[in-house]
Participant: 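Got a structure here, written out as C-alpha cells. Questions coming.
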Amino acid sequence: MKILKRIGKIIALSTVCVLAAAPIAGCETSAEDESPVITGVGDFDCIVNEPVDLLSRVAALDKEDGDITPKMTIDIVPEAQLKDGIAIFPTDDEYEITYTVKDSAGHKTSATSYVSAYKRPVLKEFESVDMNGFSVDVSGGATLVTKSVVGDGGNSKLGFKVTGAQNAEDVALTRTYTLNGGVDYTITYKVKSSVAGTAKVKVGETEIDNLEVAEGEYSNVTFEYSVPDGEDPVDVKVQLLLGELGDDMEVEFDKASVSYEVEQESGGTAITFTNSNVSGRFDGTEGSVAIAEDGSSATLTITSTASGADDMWRGGMFINTEIPLTVGGVYNISFDLESENECDFEVCILKQQWGPDEFIETIPDLVKNGTTERELTVAEGKGGTLWLYVRSGTNINTITISNLLVDIDNSNASNETVVSFTDGNVHDRFDHGEGGATLEGSVSVAEDNSSATLTITSPASGAGDMWRGGMFINTGVALVEGTTYNISFDLTSANEGDFEVCILKQQWGPDEFIEVIPGLVKNGTTERELTVTEGMGGTLWLYVRSGTNVNTITISNLKISVDVGGGESGGSVTRTETYGCNNVFKMFAYEGAPNYVEWKDGKLIFKVEHFSDRDYHNKIESPQFDIGAGQYFVSFKAKASAPVEVTWVGPVSGGWDPNIVWARFNLTDTETLYTFKGNELGTPGIHQFEWQFGSSANLSYENVTIEISEITIYYKSIID
C-alpha cells in the first residue's frame, strides 16, 4: 500500500480513459459526522511502461475535514511501480486499483477501479510536420512573426509573416535540390503574397532578378538553371528572395516544381516516383519507404517481420503508375530491381490498390538484381489503373525499384468501360442528422450486376442533412490529367424528389468532389463529358446522394469512354518533380471562425477564434492508417488555454457512425497524457481518429490555443 505525498488541489495531469465512475463503498455514517467521499474513480486502458496518473480527476472530500486527497492511499494488485500517484504498469495484465481514505474521526472509504495494461508495438508516431527540406530564413532587420503549415497531406501550404524586411536577401525561402550534371532545369515556385512586387532567385552562385509576384493570388515564379557538365549529381541551394516585397508581408507557399527532359532508350512512359504515388504497407511488420531525391527510384526497407505463414507478405510497397488499364490493351512493363539479399519477395500487378480482385498477377521470372520485362494483355474485368506492389516476404531486406517504363499498344483496345455493380464497388452512406435525426436506407445490387439501387426509408430533418444519405460507386477508371471522359448512365426514380449524382476523384479525402453533374435526367439517360484538369487526377467515383425525400433510385448502363491513345515512342520525355511541405493532420472549421493548425517545436497547435455548437464544425482529423487485424490504441498529450470540452472518436474510415464516441472530457491548462482504445468493433481496414471541439459548452470561449503532442498509434491485434 502506498501513501501519497502530493498535497494541494488535485487536477488532471495524466492518462484519462475514465469512462465510467466506480461505485463507492464506505462505512456507516451519522448525522453528526459523515464518511468521506471518493470521486472520479473509473476503469481505463493504458500502455505498458507508460506513466499513468492515478489521481487524474480523483479526489477525496469530507464534509467536516474538506479536501483530504493527500491522505488517500492506493493499492495495486498485481504490484506496479507507484510514486506520488504516478503508476507504471510493467506487464501486459489486468490490474485492480483500490483507493482508501480515512477522515479525522476514523471513518474509512474505499473505491476500486480496473485497469487493462497492454504491451503493444508502436505502429506510427507523429513528431512534426514534414518540411521536406524547406526553411524560412530572415536576416538584417527582418523578424519572422509567424510560420505554419496549413492543410492536409500533399495539399499543405507553408505560410509565414515577416516584418522589417528592407533588402531582397532579408527574407529567403531556402531548399537544397540534388540535380544532374549537364541538364537544363525549369524551376517554378507557386506563391501568394499580401503585397505585390518583385522577387529574386539565387541558385548556387547565379542570381536572377525581377520575378513578378502578384497580390492576393498565386503567382508562378519561374526561372531556368543549367547545371554544368558532370557525371555525378550535385547539391544546389535555391533561395527565393522576397525581402523587397515590403517591410510587412504575409506569404503562402504552395509547391515547387523542377522539370527537365530525359532521353528514353526505348518507347514507353517513364514513371517518376514521388511521395504521392508510392506508399508503404506494414501490417505486423516494421519498415519504411524512401524516394530518391530525383524521383528515379523507390526503396522498401523491412526492419522486422511477423512470424507465421499468414503474415509472410504483409510488408510491402505500392506504386501507382496512374496509367489506365484498358481491356484488350497490351502493356510492356520493365523495371530494374536491387535486393540486399537473396530472400524471397514478389512484384505483383494490380488494377487498383484495394478492392475486389485487385490482383491481376504475380510477375513471373522476376530478376532480383537486374531488369525484368513483362508483357501484359488486359483481360475482361481487369480494367482499372496500373499499380505495382512489391511485397517483401518474411525476411529483413532492402529492395529498390528503378527505371520503371510502361509501353502501351492500344490498337486492339476498347475505349469503353462498362461498369458492373458489385458489393465490392458499391458502398452506402447513412449519416445521423442534426438534432439526433436519423437517415435510414439500404443499397443493393442486381443479381446480374447490371444495376445498383439506393433506397431511402426514413429521411433526416434539417437542411444541413438533406444530402447525408447516398451511394458511392467506384468505377475503377483512372482519371488522368488532360484526358476527356464521356460518362453515360440510366436512372430511374420512384418519385420526383430532389437528388444528385456527383463526380469524385476518390471516395474520401481532401477536395474529393469534382462536380455535381448538371442536366441530370431523373428517368432516362444522362450523358456528361468531363475533361480532367490539374489536381483532379485519381479514380473516377460517382456518388448518388438522396435529398430529403423517401425515395428509391436505380442506376444502370454505366459506361465510361476515353481516348485510350498509346504510350511514348522513344525520344525524350519531360520529367517533373514536385516538392512541398506535408501536414499530416486535417483541420475543419466552420465559416466565420478563422482556425488554423500548425506544427511548432513538435506540437500540433490548433488555434480557435471562436467555437461552433456542432462537434464536426471544429475538429482535427488524423491521416488514414491501416490496421490489418482491427484494434489499436492512440496515446497523446494535450492542453488548452481554456477548459474546452473535447470528444475523441476513432471510427473506421469510410464507415463513420456518429453514435460511437470513445471519450468526452475537458482539457486543462496543464499538459495531460491520454490513452484511448480505437475501433472497439475490431473491424479490419483503413482507420483514422479525430478530436472534435465544436460544443455548446465551448461557446463562451474565444481565441483558444490547443496543443497536442507525442501522438502515437499502438498496434493491437484482436487475436490476442
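What's counted below: heavy atoms across the whole structure, side chains too, no hydrogens, waters or symmetry copies.
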Participant: List the atom of N180, the atom of V227, and the distance in Å for their closest heavy-atom pair.
Facilitator: O-CB, 3.4 Å
Participant: Check step by step if side-chain contact (heavy atoms from CB on, under 4.5 Å) holds for T455 and T457.
Facilitator: CA-CA 6 Å; T455 301; T457 55; 4.0 Å; yes
Participant: Would S556 and S451 count as a side-chain hydrogen bond (donor to acceptor under 3.5 Å, both in side chains) here? Give the steps.
Facilitator: CA-CA 4 Å; S556 59; S451 65; 6.0 Å; no
Participant: Mind checking the CG-OG spacing from N220 to S257? Nearest 0.5 Å is all I need.
Facilitator: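 Nearest 0.5 Å value for the CG-OG distance: 7.5 Å.
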Participant: Measure the CG-CD1 distance between N397 and I302 for me, rounded to the nearest 0.5 Å.
Facilitator: 8.0 Å
Participant: If only side-chain N and O atoms count, and only distance matters, is there a donor-acceptor pair under 3.5 Å linking T453 with T554?
Facilitator: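 A pair is found: one side chain offers a donor N or O, the other an acceptor, under 3.5 Å apart.
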Participant: When rounded to the nearest 0.5 angstrom, what distance separates CD1 in I553 from CE in M471?
Facilitator: 7.5 Å
Participant: Distance from S450 atom OG to D490 atom CG, nearest 0.5 Å?
Facilitator: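 The CG atom of D490 is 10.5 Å from OG of S450, to the nearest 0.5 Å.
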Participant: Quick check: closest heavy atoms across T178 and P233, and the distance to 0.1 Å?
Facilitator: CG2-CB, 3.6 Å
Participant: As a quick check of understanding, evaluate side-chain contact (heavy atoms from CB on, under 4.5 Å) for V521 and L491, giving each step before the final call.
Facilitator: CA-CA 7 Å; V521 181; L491 285 173; over 6 Å; no
Participant: Contact between Q352 and N474 at the side-chain level, heavy atoms closer than 4.5 Å - yes or no?
Facilitator: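 In contact.
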Participant: Contact between C502 and R545 at the side-chain level, heavy atoms closer than 4.5 Å - yes or no?
Facilitator: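 Yes, their side chains come closer than 4.5 Å.
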Participant: Would you compute the distance between atom CD1 of I401 and atom OG of S339 and round it to the nearest 0.5 angstrom?
Facilitator: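 Going from CD1 on I401 over to OG on S339, the span is 12.5 Å.
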Participant: Any idea which heavy atoms bring F345 and L337 closest together, and the distance?
Facilitator: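 Smallest interatomic distance, heavy atoms only, reads CE1-CD1, 4.0 Å.
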Participant: side-chain contact (heavy atoms from CB on, under 4.5 Å) for D407 and Y331? Distances and angles first, verdict last.
Facilitator: CA-CA 6 Å; D407 192 16; Y331 295 76; over 6 Å; no
Participant: Checking side-chain hydrogen bond (donor to acceptor under 3.5 Å, both in side chains) against S493, which of N551, T552, D498, N523 comes through?
Facilitator: N551
Participant: Any idea which heavy atoms bring S546 and L454 closest together, and the distance?
Facilitator: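 For S546 and L454, the tightest heavy-atom pair comes out as CB-CD2, 4.0 Å.
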Participant: If I compare all heavy atoms of N277 with all of T272, which pair ends up nearest, and what's the gap?
Facilitator: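 Heavy atoms of N277 and T272 come nearest at ND2-O, 2.9 Å.
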Participant: From the options V477, T526, I503, select the one residue that forms a side chain to side chain contact (heavy atoms under 4.5 Å, CB included) with I487.
Facilitator: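 The side chain to side chain contact (heavy atoms under 4.5 Å, CB included) with I487 is passed solely by I503 among V477, T526, I503.
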Participant: To check you understand the geometry: which heavy-atom pair defines the closest contact between S420 and N425, and what is its length?
Facilitator: O-ND2, 2.8 Å
Participant: State, yes or no, whether a side-chain contact exists between I408 and V330 at a heavy-atom distance under 4.5 Å.
Facilitator: no
Participant: With side chains defined as the heavy atoms from C-beta onward, is the minimum distance between I271 and L405 less than 4.5 Å?
Facilitator: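 A side-chain contact is absent here, since even the closest heavy-atom pair is not under 4.5 Å.
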Participant: If you measure from CZ on R175 to CD1 on I187, what distance do you get to the nearest 0.5 Å?
Facilitator: 10.5 Å
Participant: Does K522 count as lying over the ring of F499, i.e. NZ or CZ under 6.0 Å from the six-ring centre, within 45 degrees of the axis?
Facilitator: yes
Participant: Where do L504 and L542 land on the side-chain contact (heavy atoms from CB on, under 4.5 Å) test, with the steps shown first?
Facilitator: CA-CA 6 Å; L504 287 68; L542 296 184; over 6 Å; no
Participant: Can you name the one residue among Q507, K505, E512 that meets side chain to side chain contact (heavy atoms under 4.5 Å, CB included) with W541?
Facilitator: Q507
Participant: Quick check: do I473 and L558 have side-chain heavy atoms less than 4.5 Å from each other?
Facilitator: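 Sidechains of L558 and I473: in contact.
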Participant: Donor-acceptor pairs under 3.5 Å, side chain of residues 361-368 to any protein atom, not counting sequence neighbours: which ones?
Facilitator:
unit_1	atom_1	unit_2	atom_2	d
E361	OE1	R374	NH2	3.0
E361	OE2	R374	NE	2.7
E361	OE2	R374	NH2	3.3
K368	NZ	C343	O	3.1

Participant: Any side-chain heavy atom of V289 sitting closer than 4.5 Å to one from F282?
Facilitator: yes
Participant: For a ring pair (Phe, Tyr, Trp, His ring centres under 6.0 Å) check, start with the C-alpha distance between F134 and Y579, then their side-chain angles and the critical distance, and finish with the verdict.
Facilitator: CA-CA 9 Å; F134 288 97; Y579 304 88; 7.2 Å; no
Participant: Indicate yes or no for a side-chain donor-acceptor contact from T398 to the backbone of E340 under 3.5 Å, with no hydrogens or angles considered.
Facilitator: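 It does not hold such a pair.
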Participant: Please work out whether the ring planes of Y543 and F472 are parallel, tilted or perpendicular, with thresholds of 30° and 60°.
Facilitator: parallel
Participant: Could you walk me through whether T531 and T484 satisfy the side-chain hydrogen bond (donor to acceptor under 3.5 Å, both in side chains) test, starting with their C-alpha distance in whole Å, then the side-chain angles of each, then the deciding distance to 0.1 Å, before giving a yes or no?
Facilitator: CA-CA 4 Å; T531 299; T484 299; 3.0 Å; yes
Participant: Ignoring hydrogens and angles, tell me if any N or O in the side chain of D254 forms a donor-acceptor pair with the backbone of Y218 under 3.5 Å.
Facilitator: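 Not a single qualifying donor-acceptor pair exists.
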Participant: Taking the side chain as C-beta and beyond, is there a heavy-atom pair between F335 and T371 under 4.5 Å?
Facilitator: no
Participant: Centre-to-centre under 6.0 Å for Y260 and Y185, is that the case here?
Facilitator: yes
Participant: Under a 4.5 Å cut-off applied to non-hydrogen side-chain atoms, are V445 and D423 in contact?
Facilitator: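 When only atoms from C-beta onward are counted, D423 and V445 do touch, with a gap below 4.5 Å.
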